[in-house]
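Structure first, then comments.
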Amino acid sequence: MNLREITEQIEREVLSEYAVLSAETKGRRRSEPKCEIRTEFQRDRDRITHSKAFRRLMHKTQVFITPEGDHYRNRLTHTLEVAQISRTIARALKLNEDLTEAIALGHDLGHTPFGHTGEEALDAISPEGFRHNEQSVRIVTNLEKGGKGLNLTEEVIDGILNHRSEGTPKTLEGRVVQISDKIGYINHDIDDAIRAGILSQNDLPKKSLDILGYKTSQRINFLVTNVITNSMDKSEVSLEPHVQFGMENLRQYMFETVYRSQLQKTEKNKIIYMLSELHQYFYQHKEEMPKEFCDMIDEGQNPERVVCDYIACMTDRFALRTFENIFMPNSWNLSRNNNL
């Protein structure tokens with residue numbers, strides 16, 4: 001037996017009856033020889049972490065747009081935090097930790113520059129609409145590796161596609177990531193909002209804090225523990241109803257006071273304008289996009305969709321720099337006019 005086969009055998013002996021076994025994956029859209037060392041889900045995890053889209057996450061907004069400070073979350077740190085929470089829950093429930101980690105690491109690959117604000121902008125621009133979970137799937141199936149995609153397993157693609165609240169993952173591993181995403185972003189966004197001075201601890205809804213805890217670490221630990229104890233040896237992954245209420249109430253509070261705040265609305269209008277102008281410009285000057293995107297149009301893909309792909313792939317700073325280069329006048333070199 002090679003190392004992969006030994007790992008697959010350990011999974012059969014150790015994992016829950018509700019876990020997805022690596023040896024029983026539904027497979028990839030393009031067949032490939034198996035690796036002698038890694039299971040199929042381990043290969044997916046590695047392909048995601050080595051992708052260009054994953055590296056770009058470090059320069060994409062989580063909540064606060066271009067914050068001045070080294071300790072605010074970005075889309076990459078959020079992804080890593082979700083992966084850590086997901087692995088903790090999956091291990092405790094004896095689910096497939098590798099599958100869970102792969103889904104968690106890939107769930108936000110399709111996020112636009114400037115986070116959900118950028119997503120709303122592209123959704124308004126694109127005739128097909130734009131949703132970051134669907135874009136994440138498009139990245140791993142079509143855009144990475146020069147249009148070949150990462151050729152991930154069906155279970156990982158399903159978990160990425162269905163990680164949002166309205167989604168229904170087909171695996172418990174996908175469900176773990178769906179819950180972990182909420183646990184992560186609600187509590188970590190609160191932490192960042194307090195750091196930014198937008199909120200104080202006393203502003204948070206007391207009825208939620210009485211259930212979940214008064215500190216970020218307490219709430220995360222409580223929620224993770226509740227998911228585990230409420231889901232052990234069951235065919236569903238969920239929180240207890242009153243705990244679910246406490247988390248959703250806290251989430252709704254964040255939408256009302258932070259995500260949809262007047263400050264965010266002001267910046268949102270600027271971002272919508274900027275991305276709209278970039279979309280119009282590159283639709284009219286398609287030849288100025290990188291070759292891989294031009295090739296997609298030449299192959300018959302919808303040009304508007306391809307332009308959206310290009311803009312969605314941009315980091316915050318690249319989008320700003322591109323907008324400045326196209327629409328803003330170049331600064332005069334004042335050193336040449338120091339006699340004025």
Side-chain angles (χ1 to χ4, degrees), residues 51-68 74-76 108-150 259-334:
S51 69
K52 292 189 296 183
F54 187 78
R55 296 195 294 274
R56 288 194 298 265
L57 294 176
M58 71 181 295
H59 296 298
K60 293 198 176 192
T61 292
Q62 171 61 17
V63 173
F64 297 100
I65 298 165
T66 58
E68 293 185 5
N74 55 47
R75 191 60 59 177
L76 179 59
D108 270 356
L109 291 179
H111 256 296
T112 64
F114 311 110
H116 288 286
T117 302
E119 179 176 6
E120 290 181 36
L122 289 187
D123 187 44
I125 295 167
S126 174
E128 301 175 10
F130 186 96
R131 289 158 289 279
H132 79 269
N133 57 317
E134 295 174 0
Q135 186 68 12
S136 296
V137 171
R138 185 163 167 80
I139 283 174
V140 301
T141 56
N142 294 98
L143 300 183
E144 276 288 324
K145 291 199 168 181
K148 295 186 296 184
L150 302 179
Y259 305 144
R260 296 171 182 159
S261 68
Q262 188 57 48
L263 176 62
Q264 292 292 83
K265 288 178 182 177
T266 301
E267 298 305 307
K268 175 180 175 181
N269 292 334
K270 297 176 186 177
I271 290 165
I272 289 175
Y273 174 77
M274 180 173 67
L275 297 188
S276 297
E277 290 296 309
L278 286 175
H279 184 275
Q280 183 177 356
Y281 179 84
F282 284 111
Y283 185 72
Q284 295 172 349
H285 302 84
K286 303 176 186 67
E287 71 283 356
E288 294 188 23
M289 293 191 296
K291 182 178 182 301
E292 60 197 274
F293 295 96
C294 295
D295 288 345
M296 291 164 61
I297 295 174
D298 291 341
E299 292 165 3
Q301 295 197 40
N302 184 344
E304 286 188 311
R305 174 73 259 183
V306 174
V307 174
C308 274
D309 288 334
Y310 179 46
I311 294 173
C313 285
M314 293 179 178
T315 61
D316 295 10
R317 62 183 186 178
F318 183 78
L320 285 167
R321 187 166 64 246
T322 302
F323 182 85
E324 289 175 357
N325 288 341
I326 294 172
F327 297 108
M328 302 295 287
N330 292 324
S331 299
W332 284 60
N333 188 342
L334 296 181

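These numbers were taken from a predicted model, which means no experiment stands behind them.
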remark   = Closest heavy-atom pair, Leu275 versus Gly118, reported as atoms and distance to 0.1 Å, is CD1-CA, 3.8 Å
Is a side-chain N or O of [X] found less than 3.5 angstrom from the main chain of [Y], in a donor-acceptor match?
{"X": "Glu277", "Y": "Phe323", "answer": "no"}
{"X": "Ser276", "Y": "Ile272", "answer": "yes"}
{"X": "Asp316", "Y": "Pro113", "answer": "no"}
{"X": "Thr112", "Y": "Ala312", "answer": "no"}

Test log, rule side-chain contact (heavy atoms from CB on, under 4.5 Å), inputs Asn325 and Arg321 = CA-CA 6 Å; Asn325 288 341; Arg321 187 166 64 246; 3.8 Å; yes
message = Apply side-chain contact (heavy atoms from CB on, under 4.5 Å) to residues Arg131 and Asp123 and explain how you reach the verdict.
response = CA-CA 7 Å; Arg131 289 158 289 279; Asp123 187 44; 4.1 Å; yes
inquiry  = For Met296, run the side chain to side chain contact (heavy atoms under 4.5 Å, CB included) check against Asn302, Leu143, Asn142 and tell me which one passes.
reply    = Leu143
message = Do Gln135 and His132 pair up side chain to side chain, a donor and an acceptor below 3.5 Å, judged on atom types alone?
response = no
Atom [atom1] in [X], atom [atom2] in [Y]: separation rounded to 0.5 Å?
{"X": "Cys313", "Y": "Arg138", "atom1": "SG", "atom2": "CZ", "value": "9.5 Å"}
{"X": "Thr315", "Y": "Phe114", "atom1": "OG1", "atom2": "CZ", "value": "8.5 Å"}
{"X": "Leu122", "Y": "Glu128", "atom1": "CG", "atom2": "CD", "value": "12.0 Å"}
{"X": "Arg56", "Y": "Leu76", "atom1": "CZ", "atom2": "CG", "value": "12.5 Å"}
{"X": "Leu57", "Y": "Gln62", "atom1": "CG", "atom2": "CD", "value": "10.0 Å"}
{"X": "Ile271", "Y": "Glu119", "atom1": "CD1", "atom2": "CD", "value": "12.5 Å"}

query = Given side chains that start at C-beta, do those of Glu288 and Phe293 come closer than 4.5 Å, heavy atoms only?
reply = no
task = Please examine the side chains of Lys60 and Asp108, heavy atoms only from C-beta on, and report whether any two atoms are closer than 4.5 Å.
result = no
task = Output, in order, the C-alpha distance, side-chain angles, deciding distance and verdict of side-chain contact (heavy atoms from CB on, under 4.5 Å) for Phe327 and Met274.
result = CA-CA 10 Å; Phe327 297 108; Met274 180 173 67; over 6 Å; no
side-chain contact (heavy atoms from CB on, under 4.5 Å) evaluation trace for Ser126 with Glu304 = CA-CA 7 Å; Ser126 174; Glu304 286 188 311; over 6 Å; no
inquiry  = Using a 6.0 Å distance limit plus a 45 degree cone around the ring axis, check whether Lys286 lies over the aromatic ring of Tyr283.
reply    = yes
message = Quick check on Tyr273: does its OH atom have over 12 non-hydrogen neighbours (other residues, nucleotides or ligands) under 6.0 Å away?
response = no
